[in-house]
There are 2 protein chains.
Amino acid sequence: MYRKERRARSEDETRRRIVEAAMRLHEEVGPRATTISAIAARASVQRLTVYRHFADETAIFRACTSHWLSVNPPPDPASWGAVAAPLERLEAALSAFYSYYRATEAMWAAAHRDLAEVPALQEPMAAFARFLAAVADGLFEPFGIGMPAGAPLRATIRHALDFPTWAGLDRQRLPEEEKVALVLAWAAGAAATQSRPSPRAA
Amino acid sequence: MYRKERRARSEDETRRRIVEAAMRLHEEVGPRATTISAIAARASVQRLTVYRHFADETAIFRACTSHWLSVNPPPDPASWGAVAAPLERLEAALSAFYSYYRATEAMWAAAHRDLAEVPALQEPMAAFARFLAAVADGLFEPFGIGMPAGAPLRATIRHALDFPTWAGLDRQRLPEEEKVALVLAWAAGAAATQSRPSPRAA
DNA sequence: ATTTCAGTGAACAGTCATGTTCATCGGAAT
DNA sequence: ATTCCGATGAACATGACTGTTCACTGAAAT
């Protein structure tokens, strides 16, 4: 029989080169504008070879996403799990997310931009949104504010964790520490509104 | 001579139809994906006719932008100019912007999404950003906080005026009044940090 | 030495958009 | 009645990408 060893390795090498090329293009021009031709050229591989390794663009996409996430893992909630004080915990999480966003800015910007046009992007982005929601809950809970009253604080935390929020503050040229400090101020303000009753009956 | 009267009117009619078609397409599929062919089809006009009326896509673009802005004028700072109390003034402005954004959501989302890929979009968007900066200044000033100290509040107001901020809060399903209330809470929190000194010397 | 097969290079058909030319229609202006 | 000219419809060349076929190469595996 034919078991192939070194052969399989060089095969994997080619595949890896294709995935890496696709990844860099997703980052540079966005997933939407990334053509199979461009991937092949960037990987120094024949276009046909790409087709041989991946059935369709979605398959390339999946490979890219998981590879990229393994190289750029999002912040781990465990890293601030030990911090008991709610504000410090929030600060730790925000710092982690904001430096993550700074490091991976190009990819997140591209992903958000092309979200509507690239169906294969929607599942992973939705998953990340669920992750952010869970993180927000984990940061909100230690404040010990009940849910109808805590809604503003909860919404503030969730908003702060979003990439577009970071990007918006970054466009204002705020350095990372000031972004974090600003959000902490918002949280303080939002927490203070908890008692403000909605104008029900006049 | 040939002065054309009714003729000119029907000519303008055609032009108007083209601009309207382009506008609706910009809103529906985004400026980037709007092709001249699609504009012609939508306007029930021959493709060649579009070329006759506009030299290049940029020309169509300019016509669209100005027409759209005349139909959808952004909030006028004069409408809250009379409100003296800084917080109420801020509230009035935010309400105005947020209902404007709700009404024109599709276009703003498309514009922000395609900003990088459509050069003709960059000038008008930059102009709008300058407008927002001016509005932010006008809302910040009445608080009477000096500039080094007031930076967080100023940044908060500017952030709140951005379309992506509105869109992010909207994705959290906050109704307009709650968005405004939330931002007011942030502003209160940001204003309260004005005295916090930065850790200069240890 | 021979088999196997990933990758090559070239070609082809198909889709969609661009920008340009040309002869022609038909209503408005004279 | 005749001229003007905006709009038409069809055609053509161009460029980019997709997906597929085919014969071929060359190195790894036997």
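In what follows, chains are A, B, ... by sequence order, proteins preceding strands, each numbered from 1. All figures in this text were calculated on a predicted structure; none of them were measured in a lab.
The backbone N or O of A:Leu169 lies less than 3.5 Å from no partner atom in the side chain of A:Lys179, so there is not a single donor-acceptor pair.
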Tell me, with the steps shown, if B:Arg42 and B:Glu28 meet salt bridge (charged side-chain N to carboxylate O under 4.0 Å, His left out).
CA-CA 12 Å; B:Arg42 180 66 71 95; B:Glu28 285 172 32; 3.0 Å; yes
Please lay out, stage by stage, how A:Arg24 and A:Glu27 fare under the test salt bridge (charged side-chain N to carboxylate O under 4.0 Å, His left out).
CA-CA 5 Å; A:Arg24 270 180 301 164; A:Glu27 194 166 323; over 6 Å; no
Extract all donor-acceptor atom pairs below 3.5 Å that involve side chains of residues 118-133 of chain B and protein atoms in other chains or at least two apart in sequence.
| unit_1 | atom_1 | unit_2 | atom_2 | d |
| --- | --- | --- | --- | --- |
| B:Gln122 | NE2 | B:Leu115 | O | 3.2 |
| B:Glu123 | OE2 | B:Arg130 | NH2 | 3.4 |

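Between B:Thr35 and C:dC16 there is no side-chain N or O to OP1 or OP2 distance below 4.0 Å. A:Ser37 has no side-chain polar atom (N or O) that falls below the 4.0 Å cut-off from OP1 or OP2 of D:dA16. For A:His53 and C:dG7, the shortest distance from a side-chain N or O to OP1 or OP2 is below 4.0 Å. Between C:dG7 and A:Thr14, a contact under 4.0 Å exists linking OP1 or OP2 to a side-chain N or O.
Applying the ring pair (Phe, Tyr, Trp, His ring centres under 6.0 Å) rule to pairs touching residues 42-67 of chain A yields A:His26-A:Phe61, sequence neighbours excluded. Residue pairs meeting the side chain to side chain donor-acceptor pair (under 3.5 Å) criterion with at least one partner in residues 108-118 of chain B, sequence neighbours excluded, are B:Thr104-B:Trp108.
Listed by chain and residue number, B:Asp162 satisfy the side-chain contact (heavy atoms from CB on, under 4.5 Å) test with A:Arg171 (two or more places apart in sequence, or in another chain). Shown here are the salt bridge (Lys or Arg N to Asp or Glu O under 4.0 Å) partners of A:Asp137, two or more places apart in sequence or in another chain: A:Arg154. In this structure, the side-chain contact (heavy atoms from CB on, under 4.5 Å) partners of B:Ala40, at least two apart in sequence or on a different chain, are B:Arg47, B:Val50. With sequence neighbours excluded, the residues forming a side-chain contact (heavy atoms from CB on, under 4.5 Å) with B:Pro75 are B:Trp80, B:Ala96, B:Phe97, B:Tyr100, listed by chain and number. B:Glu141 is linked by a side-chain contact (heavy atoms from CB on, under 4.5 Å) to nothing, counting only residues two or more places apart in sequence or in another chain.
Rounding to whole angstrom units, CD1 of residue A:Ile39 and P of D:dG19 are separated by 11 Å. The nearest whole Å value for the distance from the CZ atom in A:Arg32 to the P atom in D:dC17 is 11 Å. The CD atom of B:Glu57 sits 6 Å away from the P atom of C:dT18 (whole-angstrom rounding). Rounding to whole angstrom units, OH of residue B:Tyr51 and P of C:dA17 are separated by 11 Å. Separating the CZ atom of A:Arg17 from the C1' atom of C:dA6 is a distance of 12 Å, rounded to the nearest angstrom.
For the pair B:Arg17 and B:Glu20, the salt-bridge criterion is not met [side-chain N within less than 4.0 Å of a carboxylate O].
Note on the helix from C:dA1-D:dT30 to C:dT30-D:dA1: angle between the axes of the first and last five pairs equals 10°, rounded to 10 degrees.
Nearest-nucleotide positions on DNA chain D place B:Val45 closer to the 5' end than the other of B:Val45 and A:Ala38.
Listed by residue number, there are no residues of residues 18-30 of chain B with a heavy-atom contact under 4.0 Å to DNA chain D. Across residues 113-122 of chain B, not one residue has a non-hydrogen atom less than 4.0 Å from an atom of DNA chain D.
Shown are B:Leu139, B:Thr193, B:Ile145; of these, the side chain to side chain contact (heavy atoms under 4.5 Å, CB included) with B:Leu153 is made only by B:Ile145.
A perpendicular orientation is assigned to the rings of B:Tyr101 and B:Phe163, their planes being inclined by more than 60° (bins at 30° and 60°).
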Please produce a list of atom pairs where a protein N or O lies less than 3.5 Å from an N or O of nucleotides 9-14 of chain C.
| unit_1 | atom_1 | unit_2 | atom_2 | d |
| --- | --- | --- | --- | --- |
| C:dG9 | OP2 | A:Gln46 | OE1 | 3.4 |

